[in-house]
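All of these numbers come straight from a predicted model, not from anything done at the bench. Below, chain A is the first sequence line, B the second, and so on; all start at residue 1.
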Amino acid sequence: MATTNRTSPPFERAGLSDEQLVGMLRTMLLQRMLENRGFQLNRQGKIPFASASEGHEGVQAGAAMAFARGRDLLFPYYRDLGLALGVGLTPYEVLLSLFARAEDLSGGRQFPHHYASRRLGIATISSIIAAQLSHAVGAAYALRVRGENGRAVLTTFGDGATSEGEWHESVNFAAVHKLPIVLLCENNEWAISTPLAKQMGQPDIWRRAAGYGLPSTCVDGMDPVACYLAVSDALDRARTGGGPTLVEAKCYRFLAHTTDDDDRTYRSREEVEAHRRDDPVPNFERRLVEAGILSPEGLECLKAELLAEINEATDRAEAMPYPGGEELYRNVYADSTDPWR
Amino acid sequence: MAKTDTKGKKLERNGLSDDQLRTIFRNMLLQRQLDNRGFQLNRQGKVPFALGSEGHEALQAGAAMAFHRGKDLLAPYYRDLGLALGIGLTPYEILLSLFARAADHNGGRQFPNHYSSKAAGLMSFSSILAAHIPHAVGAAYAMKYRGERGRAVLVTCGDGTTSEGEWHESVNFASIHKLPVVFLVENNLWAISTPIEHQMGQPEIWKRAAGYGIPGHRFNGFDPIETYGNVNEALDRARNGGGPTLLEGMCYRFLAHSTDDNDMTYRTKEEVAEHRKDDPVPLFERVLLDHDVMSAADVEQLKRDVLRETNEATDRAEAMPYPTAADLYTHLYEGAWQPWQ
Amino acid sequence: MAVSSPTQTTQIMNNVDAVRATLYDAMKNDPRTVILGEDVGARGNVFLITKDFAKEFGPQRVIDTPIAEASIVGIAIGMAMEGLRPIAEIQFADFIYPAFNQIVGEAAKTRYRSNGEYTCPLVIRTPYGGGVRGALSHSVSIEALFYHVPGLKILAPAFPADVKGLLNAAIDDPDPVLFLEHKKTYRLIKGEVPDGHYTIPIGKANVLKEGTALTVVSYGLYVHWALEAAQQLAEEGISIEVIDLRSIRPMDKTTILQSVEKTRKLLIVHEDNKFGGIGAEISAMVAEEALFSLDAPIRRHCAPDVPAMGYAEPLEHEYMSSPAKIADAMRELARF
Ligand SMILES: Cc1ncc(C[n+]2csc(CCOP(=O)(O)OP(=O)(O)O)c2C)c(N)n1
Ligand SMILES: Cc1ncc(C[n+]2csc(CCOP(=O)(O)OP(=O)(O)O)c2C)c(N)n1
Ligand SMILES: [Mg+2]
Ligand SMILES: [Mg+2]
């Protein structure tokens with residue numbers, strides 16, 4: 001099992017304002033509450049599938065805070081609800097995706113949490129592990145070719161994704177061309193049922209960076225401020241011509257892989273409980289309250305506000321229509337979809 | 001560098017006997033002679049294609065000396081004439097492959113230099129870069145699974161091939177399972193027309209080993225003795241349960257990529273001439289002479305022998321028949337075959 | 001079914017159980033057999049097909065691989081070359097594309113390129129197909145992408161007894177076999193499965209229902225729906241012959257031609273796209289061999305020409321056929 005040297009500093013705001021710190025907590029709470037909603041809806045039989053990123057809230061809120069909206073590009077993976085929210089996705093959009101409604105960003109085509117939004121700079125992704133990496137690298141190349149200094153690509157992936165050949169090919173290419181990209185690994189120690197020890201010969205993904213000639217950092221993924229700092233540094237380097245960075249955030253997947261998985265078959269409750277002590281959400285709540293940035297009442301207020309927003313979004317999204325059958329045929333090509341001419 | 005092994009200085013022989021040193025040298029001469037023959041036959045219009053490994057002779061002859069015939073397996077790539085010779089293939093077999101005759105191991109199906117021989121422990125491979133590397137790892141898994149101590153797989157590839165996803169996936173898997181396999185990269189600084197700096201972000205391939213948690217070493221591939229020492233140590237470790245090693249042998253491709261390539265479109269005469277100064281064949285000849293392993297007369301005799309052997313093999317192979325049209329249809333599946341039954 | 005004798009004992013199982021039981025026997029009976037794939041160990045595969053195998057046979061033989069499909073197949077090829085009998089699993093057929101090179105370029109050519117010196121006895125199993133809300137990346141059919149490739153064999157059984165007999169045949173086969181399991185039939189389809197070891201010959205179709213008005217050729221999930229539709233039409237007085245291909249490469253020409261020469265009409269039904277699909281090859285073969293036996297143009301009832309079914313229910317519904325849609329296609333051709 002990977003034991004991590006969590007490099008968590010004492011409370012340190014890294015130049016973030018109160019508002020930004022509370023903003024990060026807001027993203028984290030929203031993420032957790034929306035995922036709860038997904039599971040509820042699944043159990044109620046209203047949606048066939050839900051998945052969760054519990055344990056990833058810290059790294060995602062931190063990374064999203066480092067992301068420059070309107071400038072940077074995000075190539076996420078399916079476990080990045082918090083990142084999507086952090087860069088501007090609304091709870092209503094999330095619910096539309098869960099309900100697979102016509103108004104959903106993919107028109108109800110994609111699995112939940114596969115957001116794509118030009119408006120927000122979020123690229124379209126598939127469910128295929130590591131396939132987004134080469135796209136991210138290509139986009140970074142495009143930024144470079146167009147001379148768009150001050151812009152960078154942020155791409156994320158799980159620990160499991162680093163075993164794919166496409167991961168290697170992408171990191172290598174980014175390194176050859178010193179592209180403006182940050183490669184952020186959300187290492188939650190598991191790839192469905194496969195522990196790190198069965199995925200790689202040594203457990204630190206950041207250690208691979210030197211082999212590509214890249215700088216790297218390893219951060220405590222449970223600490224949003226540390227993650228903000230690491231990703232922010234790396235994005236700054238990328239935006240100013242310093243090339244790619246591999247950032248590894250050590251976090252944990254508290255829940256089963258998806259609603260279709262039962263993690264009791266492959267890991268012990270003790271292991272999960274031990275990691276719960278590092279749960280980024282209550283920990284960050286406590287830190288903000290202890291630092292006097294948020295009052296206990298303010299926190300309750302925030303939670304109530306978010307719940308109301310989610311309830312409202314749920315009702316609104318559920319009331320929306322499904323796509324019609326004819327939508328199946330749209331957007332195969334720019335023009336006619338008939339293969340015979 | 002072998003260059004510094006001049007007279008008067010003690011010869012560091014890594015345990016190799018005089019006989020073994022002479023065998024290595026013979027292999028190197030044979031490689032060069034056979035390569036030459038391939039190019040000649042091509043210019044005479046007798047074979048459509050040939051490929052040279054000039055510059056790889058020392059690396060391949062040294063590595064082959066570490067291979068245990070009848071026990072180890074070799075998973076080579078198309079530039080490994082010297083390895084094939086070193087583990088027991090004959091010049092006649094090489095010529096059969098060049099001429100694509102029926103008696104060739106592959107029945108004249110494959111390109112030249114794509115040898116396979118179950119008897120010699122030489123695994124079948126295609127022209128597809130890196131595709132053979134997982135096969136080597138699978139074979140190593142089989143050895144480990146059956147508890148066959150004392151056996152290992154030697155798998156080679158070029159520097160360019162390390163950019164392929166399958167290279168990464170294979171090294172990663174071997175590292176997890178501590179398999180008896182040695183990954184030997186023959187770094188000749190070029191992948192056809194692509195120089196090393198366009199292939200990777202930093203030029204030292206061996207440095208990737210740490211990212212996989214396995215040992216990695218770089219050595220001078222122009223020195224067959226140094227090569228032997230490195231490959232022997234790594235193979236011994238593999239044979240004794242110590243797991244995989246990543247080795248990088250530095251060499252140079254003196255000729256164009258193949259008879260179909262003109263390297264003067266992408267590199268300079270001066271660059272090639274600079275590396276020619278380190279040509280391993282005359283260099284090793286010097287070493288053997290200086291240390292009285294061979295006399296000048298011995299060397300001349302050996303060169304004559306190698307030429308005669310090559311000539312004889314050429315005549316014999318050329319006289320052999322081509323495969324027949326009917327041979328196109330054999331060995332697709334076991335037994336006779338029609339897609340419609 | 002292929003084997004039935006009066007003394008033959010059988011058990012009722014679904015398709016998942018049939019795969020599981022067959023793999024279990026293969027592991028039990030031959031120490032050269034190893035299973036490798038994502039989450040096949042402690043998790044016992046995402047459909048629980050190999051549940052507890054790792055406990056019984058050990059992690060050496062039930063290998064949880066990293067997420068790296070090209071090497072899953074590539075390593076299995078090396079194992080096969082070196083005397084093991086690997087059964088590689090691709091978790092969902094949608095994830096097979098990274099392994100395309102290893103399957104098409106390597107496994108299928110190993111014997112051929114070495115002129116018979118090296119062989120590749122390898123089974124690649126993968127769940128495919130839709131109707132399970134799998135959206136764009138958990139529901140595709142992949143058979144047409146591979147059936148073009150000499151050197152491969154491709155099986156797609158629909159019934160538990162065929163699953164067992166053909167999976168055994170695949171495991172015994174000296175060449176690489178792509179074994180496709182329709183995931184919607186996994187728990188939906190139950191049937192009698194003979195006890196003990198048996199194989200069903202690769203390349204033999206099965207006439208499931210005899211009829212006179214027209215021949216329906218199908219495989220996978222749609223075989224079941226075609227049978228349902230044929231029952232419906234029987235009540236309407238139209239007699240349909242239903243053929244389950246079971247084996248896609250090689251394919252059973254004799255059975256198809258015998259049937260078409262009798263019914264004089266052919267409807268091909270499959271879930272994969274129509275354009276360049278399996279039905280195109282069957283149509284061409286029948287046109288070449290039996291054109292003048294036909295009383296009507298050949299019809300193909302297949303998926304529309306879109307990349308995959310969307311997640312939303314109406315999108316999946318539109319993409320997938322159904323017993324009713326197949327019945328309509330049958331009626332239309334019967335009327336011709
Ligand atoms: C190419 C491919 N192979 C396999 C899968 C199935 N799969 C989905 S998620 C997953 C595990 C991914 O693990 P990791 O990258 O660590 O991300 P995490 O889910 O832990 O965040 C697997 C194997 C897939 N979607 N794509
Ligand atoms: C998958 C694949 N891509 C491209 C090629 C074409 N190709 C043949 S050799 C070669 C260069 C390989 O360079 P390297 O690995 O350094 O080996 P070298 O030839 O220098 O020994 C390329 C690109 C190929 N054979 N296979
Ligand atoms: Mg993970
Ligand atoms: Mg090279």
Side-chain angles (χ1 to χ4, degrees), chain B residues 73 75 102 104-110 114-119 122-128 130-146 153 155 164-174 176-177 179 323 327-328 330-335 337-341, chain C residues 31-32 34 36 60-61 63 65-66 68-84 86 98 101-102 105-106 108-119 121 147 150-151 153 173-176 201-205 247 249-256 281 285 289:
Chain B
L73 292 179
D104 164 45
H105 276 282
N106 303 319
R109 288 179 175 188
Q110 292 239 60
H114 290 57
Y115 318 109
S116 75
S117 165
K118 215 160 193 169
L122 203 167
M123 293 174 75
S124 169
F125 62 97
S126 72
S127 309
I128 302 305
H132 65 302
I133 302 180
H135 307 170
V137 169
Y141 194 96
M143 287 176 178
K144 178 162 181 181
Y145 171 67
R146 290 190 296 244
V153 183
V155 55
E164 288 281 4
E166 278 158 280
W167 183 87
H168 165 69
E169 295 184 8
S170 304
V171 178
N172 190 44
F173 188 90
I176 296 166
H177 295 277
L179 298 182
D327 289 325
L328 183 70
T330 59
H331 295 302
L332 178 55
Y333 301 86
E334 189 177 272
W337 174 258
Q338 283 298 319
W340 288 107
Q341 309 225 322
Chain C
R32 296 174 307 165
V34 298
L36 67 163
Q60 283 255 75
R61 294 184 64 198
I63 308 162
T65 64
E69 291 75 13
S71 65
I72 291 173
V73 176
I75 288 165
I77 291 171
M79 291 171 166
M81 283 173 153
E82 207 20 50
L84 299 187
N101 172 48
Q102 285 294 340
E106 300 293 323
K109 285 187 189 162
T110 301
R111 178 190 292 277
Y112 192 76
R113 77 176 181 219
S114 66
N115 214 19
E117 198 164 87
Y118 280 87
T119 60
Y147 92 125
K153 298 181 183 179
D173 201 87
D175 288 300
I202 290 174
K204 286 271 165 291
S247 172
R249 178 183 252 279
M251 221 185 289
D252 186 346
K253 185 195 278 189
T254 316
T255 302
I256 297 172
E281 188 60 42
M285 184 277 289
E289 308 267 341

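Between C:N115 and B:G107, the shortest heavy-atom contact is ND2-CA, 3.2 Å. For the residue pair B:Y141 and C:M79, the shortest heavy atom distance occurs at CD2-CE, 3.3 Å. Considering all non-hydrogen atoms of both residues, B:K118 and C:M81 come closest at NZ-O, 4.0 Å. B:E166 and C:A70 get closest at one heavy-atom pair: CG-CB, 3.7 Å. Taking each heavy atom of C:S114 and B:N106 in turn, the nearest pair found is CA-OD1, 3.6 Å. When all heavy atoms of B:S116 and C:E117 are compared, the closest pair comes out as O-OE1, 3.2 Å.
Counting heavy-atom pairs closer than 4.5 Å to chain B, the top residue among C:P176, C:P31, C:G78, C:A205 is C:G78. The choice from C:G203, C:G83, C:G116 that makes the most heavy-atom pairs within less than 4.5 Å of chain B is C:G116. Highest contact tally toward chain B, considering only C:R32, C:R249, C:K153, C:K204, is held by C:K153 [criterion: heavy-atom pairs under 4.5 Å]. Comparing B:G165, B:A136, B:S117 by how many heavy-atom pairs each has under 4.5 Å with chain C, the most go to B:S117. Top candidate by heavy-atom pairs under 4.5 Å with chain C, chosen from B:I176, B:D327, B:L122, is B:L122. The residue among B:E169, B:K144, B:R146 with the most heavy atom pairs within less than 4.5 Å of chain C is B:E169. Note: B:P134 leads B:A119, B:P339, B:P134 in heavy-atom pairs under 4.5 Å with chain C.
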*Please walk me through it: do B:F173 and C:I63 pass side-chain contact (heavy atoms from CB on, under 4.5 Å)?*
CA-CA 11 Å; B:F173 188 90; C:I63 308 162; 4.0 Å; yes
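No donor-acceptor distance shorter than 3.5 angstrom exists from the side chain of B:E334 to the backbone of C:P174, with no hydrogens or angles considered.
The part of C:E69 that comes within reach of chain B is its backbone (N, CA, C, O), which places non-hydrogen atoms under 4.5 angstrom from that chain. For a residue to count as touching a neighbouring chain, one of its non-hydrogen atoms must lie under 4.5 Å from one of that chain's; by this rule B:L328 touches chain C with backbone and side chain alike. Residue C:N101 touches chain B through its side chain alone, counting heavy-atom pairs closer than 4.5 Å. Of the atoms belonging to B:H168, not a single heavy atom falls under 4.5 Å from chain C. For a residue to count as touching a neighbouring chain, one of its non-hydrogen atoms must lie under 4.5 Å from one of that chain's; by this rule B:L73 touches chain C with the side chain only. No part of C:A76 comes within reach of chain B, as not one of its non-hydrogen atoms sits under 4.5 angstrom from that chain. Using a 4.5 Å cut-off between heavy atoms, C:I202 contacts chain B through its backbone alone, with no side-chain atom that close.
Residues B:I128 and C:E106 form a side-chain contact, since some pair of their non-hydrogen atoms from C-beta on lies under 4.5 Å apart. Proximity of C:Y118 to B:H135: side-chain heavy atoms (C-beta onward) are nowhere separated by under 4.5 Å. Side chains of B:Q338 and C:P250 form no contact here, defined as non-hydrogen atoms less than 4.5 Å apart. Between C:P66 and B:N172 there is a side-chain heavy-atom pair separated by less than 4.5 Å. Two residues are said to be in side-chain contact when any heavy atoms from C-beta on lie closer than 4.5 Å; B:W340 and C:I256 meet this criterion.
Rounding to the nearest 0.5 Å places CE of B:M143 at 11.0 Å from CG of C:L84. The CZ atom of C:R113 lies 15.0 Å from the NE2 atom of B:H105; values are rounded to the nearest 0.5 Å. In this structure, the separation between CE on B:M123 and CD1 on C:I77 is 9.5 Å, given to the nearest 0.5 Å.
Under the 6.0 Å distance and 45° angle rule, B:R109 counts as a cation-pi partner of C:Y112.
Atom NZ of C:K253 has more than 12 neighbouring heavy atoms from other residues, nucleotides or ligands inside a 6.0 Å radius.
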